[in-house]
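Chain naming here is simple, since letters A, B, ... match the order of the sequence lines and numbering starts at 1 in each. Hydrogens, waters and symmetry mates play no part in the numbers below; they use all other heavy atoms, side chains included.
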Amino acid sequence: MKHYSAFAVAREALRHHMGWERAWASPEPKKKYDVIIVGAGGHGLATAYYLGKNFGITNVAVLEKGWLGGGNTGRNTTIIRSNYLQDPSAAIYEKSRSLYETLSQDLNYNIMFSPRGLIMLAQTEHEVRGYLRTAHANALQGVSTEFISAARVKEIVPIINLDGPRYPVLGGLYQARGGTARHDAVAWGYARACSAMGMHILQKCEVTGISRENGRVTGVTTNRGDIGCDKLGIVVAGHSGHLADMAGFRLPIESVALQALVSEPIKPCMDCVVMANTVHGYMSQSDKGEMVIGGGTDGYNNYTQRGSFHHIEETVRALIETFPMVARLKMLRQWGGIVDVTGDRSPILSKTPVDGIFINCGWGTGGFKAIPGSGWGFAELMAKGHSPLCDEFGLDRFYQGRFIDESVAAGVAH
Amino acid sequence: MLILTCPCCGVTGEETEFHQGGEAHLKRFGPGSADDDFHTYMFAKENPKGAHFERWRHNNGCGKWFIMARDTVTLEVYGTYPAQTFEPPQYIRDAITAKRPGWAWRDFA
Ligand SMILES: Cc1cc2nc3c(=O)[nH]c(=O)nc-3n(C[C@H](O)[C@H](O)[C@H](O)COP(=O)(O)OP(=O)(O)OC[C@H]3O[C@@H](n4cnc5c(N)ncnc54)[C@H](O)[C@@H]3O)c2cc1C
Ligand SMILES: [Zn+2]
């Protein structure tokens, strides 16, 4: 792998950019790998990366039915934050956020991490109390957040309307080191680093069956032939239920479409991420100038990757009260992704009923922010059989009634 | 956007008039049941790519519950039937088989 640097850009400029190499290889599948990861989204690729980097396991293949990063990783609104309520969540999300801080350097790939600050608006008395509680919890967890007044919100976000008739802004939970990153770059950066370690990233390789012998995984069936493995990591977000079905177990997960939209690009007007959970909308401005807007999930499980049309209206209607200027904007694009939602809105990082199969899913509407931390923990779980970051997120928590309830703190999609 | 016809009152409306209420035909287990049974009933979802049986309520209309068979990939509605039904009626199963030969959902097919 050739190092990317300012010097490399200058060198290539002098020779008409003929010297850039492909960022990752596209090899033919081997007969067998030590570890197969299904799903080349951010979580799958990060898992492979940390398996190699932290545990020296490099005989690894990442299998992707489409193109890498083409799932939710390339469809999300890229919000990064770690202001969760429960301790296990704070641990893994904050680990993740802190890894994002240096990820561009670690991967030698500019993932455009932009800790521009993030405000979750409190628009009802309940929310004020809820966020005060979260701010106190975060203080105990060592996550830096603060509850700020409405006046301070207005200072940070001048385009906001504080006294909307239905949902006035009463304050906000502020995380100064929250922000955004370039979603594709996160997938591409990890893929390039994995490829450099000799791992195989096999695109257009769909897993259609999982082979087992005596309760243990032996490999997978794909459209590019049978491939053997000692350990299998299932990291396929909305398709987790489908893969679990192939392995003969069920998950406490339902898959549903979540959508987002962007406006036409305009001049910089908001250098902060703002989430309005009561009205189910959130917004940030991309480096290109588009207002990036996220909405709600569909009201019923489905795999359509587009989302119900009326949610666009609901989301935009709510945002217009709080940001009157967006009423004048045209919508540029709308799209959807299939998210995997658990009952307690927390992820699953776990062993499964089949020996050798591990599953990483349930990130639902908010797993982009968790990619580095989840990969870090899940790699440890796959390599060593347990991991402090993942242990609380096992499938057994549903049997035990030991939920990690984030449906209050994270009630909305992001 | 789904356009649904309520089998209880016969009104046709768009999906915002209705509300999905989760998987249908659950076998319920209460206090004192085995952990496995309770867990399966409460948490383990079918979540299929294909035919799904689910409870819906006409909440901005007659307010009644009914059961619907819907395809989670194409969003085709295979049919609706009364909430008091223990198993999907044969004509619904046939409608699904016509589109998805060899489908399975719990013990029904
Ligand atoms: C509209 C929208 C907005 C969002 N906004 C945010 C946000 O602001 N902040 C945030 O933190 N999170 C957000 N999320 C959630 C976030 O996108 C996801 O939690 C995260 O990207 C999941 O990553 P992943 O790697 O697990 O899944 P994915 O990126 O979906 O990757 C899974 C991969 O598995 C592949 N796959 C599936 N089945 C098979 C098979 N049989 N064989 C081989 N490969 C298979 C898929 O093709 C896919 O590429 C949003 C999601 C959506 C849809
Ligand atoms: Zn009705």
Side-chain angles (χ1 to χ4, degrees), chain A residues 65 206 208 236-246 248-257 259 296-314 317 336 338-344 346 348 352-353 361-362 364 394-403, chain B residues 1-4 13-24 26-27 29-31 33-60 66-78 80 100 102-107:
Chain A
K65 72 171 176 177
E206 177 168 6
T208 52
V236 295
H239 304 275
S240 300
H242 193 52
L243 269 286
D245 195 40
M246 292 178 198
F249 57 95
R250 275 204 264 160
L251 291 172
I253 281 204
E254 283 191 302
S255 299
V256 57
Q259 58 186 313
T297 45
D298 279 358
Y300 43 86
N301 46 335
N302 68 76
Y303 291 87
T304 57
Q305 230 165 230
R306 57 177 185 265
S308 291
F309 206 60
H310 62 92
H311 284 303
I312 301 174
E313 188 189 339
E314 279 166 19
R317 189 170 56 203
I338 304 302
V339 298
D340 41 338
V341 182
T342 58
D344 59 0
S346 284
I348 294 167
T352 68
C361 64
L395 272 171
D396 53 1
R397 75 174 187 269
F398 296 92
Y399 283 92
Q400 297 162 355
R402 185 176 46 77
F403 309 119
Chain B
M1 169 91 48
L2 298 174
I3 309 289
L4 305 177
E14 58 174 58
E15 71 183 58
T16 52
E17 259 193 49
F18 297 83
H19 188 79
Q20 200 240 36
E23 250 172 64
L26 287 177
K27 188 157 185 230
F29 291 89
S33 55
D35 284 358
D36 259 5
D37 289 338
F38 184 76
H39 172 266
T40 307
Y41 145 60
M42 196 71 186
F43 299 110
K45 305 290 182 185
E46 288 293 329
N47 199 24
K49 264 187 202 177
H52 191 242
F53 297 92
E54 55 200 16
R55 288 151 43 83
W56 280 76
R57 183 170 174 255
H58 190 188
N59 54 338
N60 290 331
F66 58 94
I67 301 179
M68 181 158 114
R70 179 180 58 89
D71 197 296
T72 60
V73 178
T74 62
L75 296 192
E76 175 174 357
V77 175
Y78 293 115
T80 56
R100 291 195 174 266
W103 67 282
W105 202 88
R106 302 237 177 92
D107 306 330

Given the options Q20(B), R70(B), E15(B), E54(B), Y300(A) meets side chain to side chain donor-acceptor pair (under 3.5 Å) only with E15(B)
Between [options], which residue shows the highest count of heavy-atom pairs closer than 4.5 Å to chain B?
options	answer
P252(A), G401(A), G343(A)	P252(A)
Y303(A), F398(A), F249(A), F309(A)	Y303(A)
I338(A), T304(A), T342(A)	T304(A)
A244(A), S308(A), A257(A)	S308(A)

Whatever's closer than 4.5 Å to a heavy atom in chain A on D36(B) counts as both
If one checks every heavy atom of E14(B) against chain A at 4.5 Å, the contacting part turns out to be neither
Do you know the tightest heavy-atom contact between [X] and [Y]?
X	Y	result
N301(A)	N47(B)	ND2-OD1, 3.9 Å
R306(A)	L75(B)	NH2-CD1, 3.9 Å
R250(A)	K45(B)	CD-O, 3.2 Å

So, the part of I253(A) with a heavy atom under 4.5 Å from chain B: the answer is both
Rounded to the nearest 0.5 Å, the CG atom of L395(A) sits from the CZ atom of F43(B) at a distance of 12.0 Å
Separation between CD (E23(B)) and CD (E254(A)), nearest 0.5 Å, reads 6.0 Å
With chain A, the option among D35(B), T16(B), L2(B), V73(B) that has the most non-hydrogen atom pairs under 4.5 Å is L2(B)
task = Look at the rings of Y399(A) and H39(B) and say which category their plane angle falls in: under 30° parallel, 30 to 60° tilted, over 60° perpendicular.
result = parallel
